[in-house]
Every structure is written in structure tokens, then in C-alpha cells.
Amino acid sequence: MIIRQVTEDDLSQVAHIEEVSFQNPYPADIFTFLFEKYRETFLVIEQGGTVLGYITGIDSWREGHIVSLAIHPAWRNKGIAAQLVEEICMILKEKGKKRVKLEVRISNEAALNLYKKVGFEEQKIVQNYYENGEDAVLMKRRLQ
Ligand SMILES: CC(C)(COP(=O)(O)OP(=O)(O)OC[C@H]1O[C@@H](n2cnc3c(N)ncnc32)[C@H](O)[C@@H]1OP(=O)(O)O)[C@@H](O)C(=O)NCCC(=O)NCCS
């Protein structure tokens with residue numbers, strides 16, 4: 001298994017993992033946009049050319065922002081997401097970012113546990129953040 005920067009050829013596999021992972025998946029063209037604009041912080045973990053999971057982030061002036069993360073259902077609970085989060089945090093730190101933030105559905109226990117385990121702290125609840133009216137938890141982690 002290796003973690004590496006995404007390539008254009010990976011994008012269809014990334015979109016597929018997104019589709020099987022979320023009730024309201026991002027459309028495939030969002031991944032093309034993220035690939036074109038933010039590929040340094042768009043990582044996949046793969047084995048023999050098969051993408052097992054991905055993480056995408058963007059960076060603004062001081063802060064990184066994790067946009068999406070998903071692991072193929074057959075490859076969950078093996079520590080893969082935790083590795084991807086560590087890797088993107090390392091890249092954001094190397095780019096001089098002081099913090100990284102993300103939003104997660106308040107009902108997403110797996111993701112909330114994951115982010116707490118890798119050092120994120122809950123900042124606040126953002127009401128009505130999602131299209132179905134669900135609240136988000138805003139979480140942040142310091143990078144230095
Ligand atoms: C959330 C998700 C990314 C976790 O990926 P993963 O590779 O299975 O996670 P890891 O194996 O690295 O787990 C790390 C920690 O996360 C937590 N965790 C992961 N899956 C969990 C689950 N189903 N229930 C509760 N806690 C869970 C645990 O604390 C785990 O540590 P442990 O194994 O020591 O208990 C994966 O379930 C997924 O793709 N879900 C659908 C998409 C999604 O919700 N993405 C996040 C959007 S913000």
C-alpha cells in the first residue's frame with residue numbers, strides 16, 4: 001500500500017469511492033476541480049493500481065481545510081484513514097500552515113472518533129450546515 005498524490009487516471013476510482021461512501025456524494029467534477037487547483041493536498045492510498053481511499057484538502061493563507069475523506073467499504077477499520085489524515089497534515093505543515101480544520105456531520109460517529117483519535121478538537125456546532133438541515137461539528141488541529 002502506498003500513499004501518493006492523485007493523478008488524473010485515479011479520479012474515476014475516487015468518484016466511485018465517494019459514491020459508495022456518502023448519501024449525498026460530491027459530483028465527479030468537484031474532484032476534477034480539486035485535482036486541477038489543489039493536487040498537492042489531494043492524496044490517494046493505493047495497492048497495485050487500485051485506489052482504496054482518498055483525502056482532499058485545500059489551503060488558504062494560514063489554515064488547511066480537509067474537504068473530503070473516504071475509504072472503500074472493503075478496506076475500512078485497518079487504520080488507512082488515520083494514515084491519510086497524518087499525511088495531509090504533514091504536507092500542510094510543510095506548506096507553513098498553523099492549523100487544519102474540517103466539518104463533519106454530527107451523526108458521523110466513525111469520522112468523529114477518527115478525527116479525535118488523530119488530534120482534532122471540537123470547536124463548535126454549525127447549525128444547518130448540510131443540505132438536509134443536519135448540523136456539522138467544526139474541528140481543528142494545530143500543526144505545530
Ligand atoms: C470514517 C472513515 C473515513 C474511517 O476510515 P477507516 O480507514 O475505517 O478508519 P481507521 O481504520 O483509520 O480508524 C481510525 C479510528 O477511527 C475510529 N473509527 C473508524 N471507524 C469507526 C466506526 N465504524 N465506528 C466507530 N469508530 C470508528 C476509531 O477511533 C478508529 O480507531 P481504532 O481502530 O483504534 O478504534 C470511513 O468509515 C469512511 O470512509 N466512511 C464513509 C465516508 C465518511 O464518513 N468520511 C468522513 C467524512 S468527514
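Just so we're clear, the structure is a prediction, and the values are computed from it rather than from any experiment. Counting starts at 1 for both ligands and their atoms, in listed order.
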Next item on the list: Side-chain contact test, heavy atoms from C-beta onward, threshold under 4.5 Å: evaluate it for Q13 versus H72 and give yes or no.
Entry: no
Checklist line | Partner set under side-chain hydrogen bond (donor to acceptor under 3.5 Å, both in side chains) for K101, not counting sequence neighbours | finding: none
Item checked: Ring-face cation of R39 near F35 (centre distance under 6.0 Å, axis angle within 45°) -> yes
Next item on the list: Mind jotting down which protein residues get a heavy-atom contact under 4.0 Å with ligand 1? Chain and number order, please.
Entry: S21, F22, L69, A70, I71, R76, N77, K78, G79, I80, A81, A82, V104, N108, A110, A111, N113, L114, Y115, K117
Margin query: Out of the candidates Q123, E63, E121, only one should pair with K140 under the side chain to side chain donor-acceptor pair (under 3.5 Å) rule; please name it.
Written below: E63
Next item on the list: May I ask you to say whether K124 pairs ionically with D135, meaning some side-chain N is under 4.0 Å from a carboxylate O?
Entry: no
Check: Is there a donor-acceptor pair closer than 3.5 Å between any side-chain N or O of D29 and the backbone N or O of T32?
Finding: no
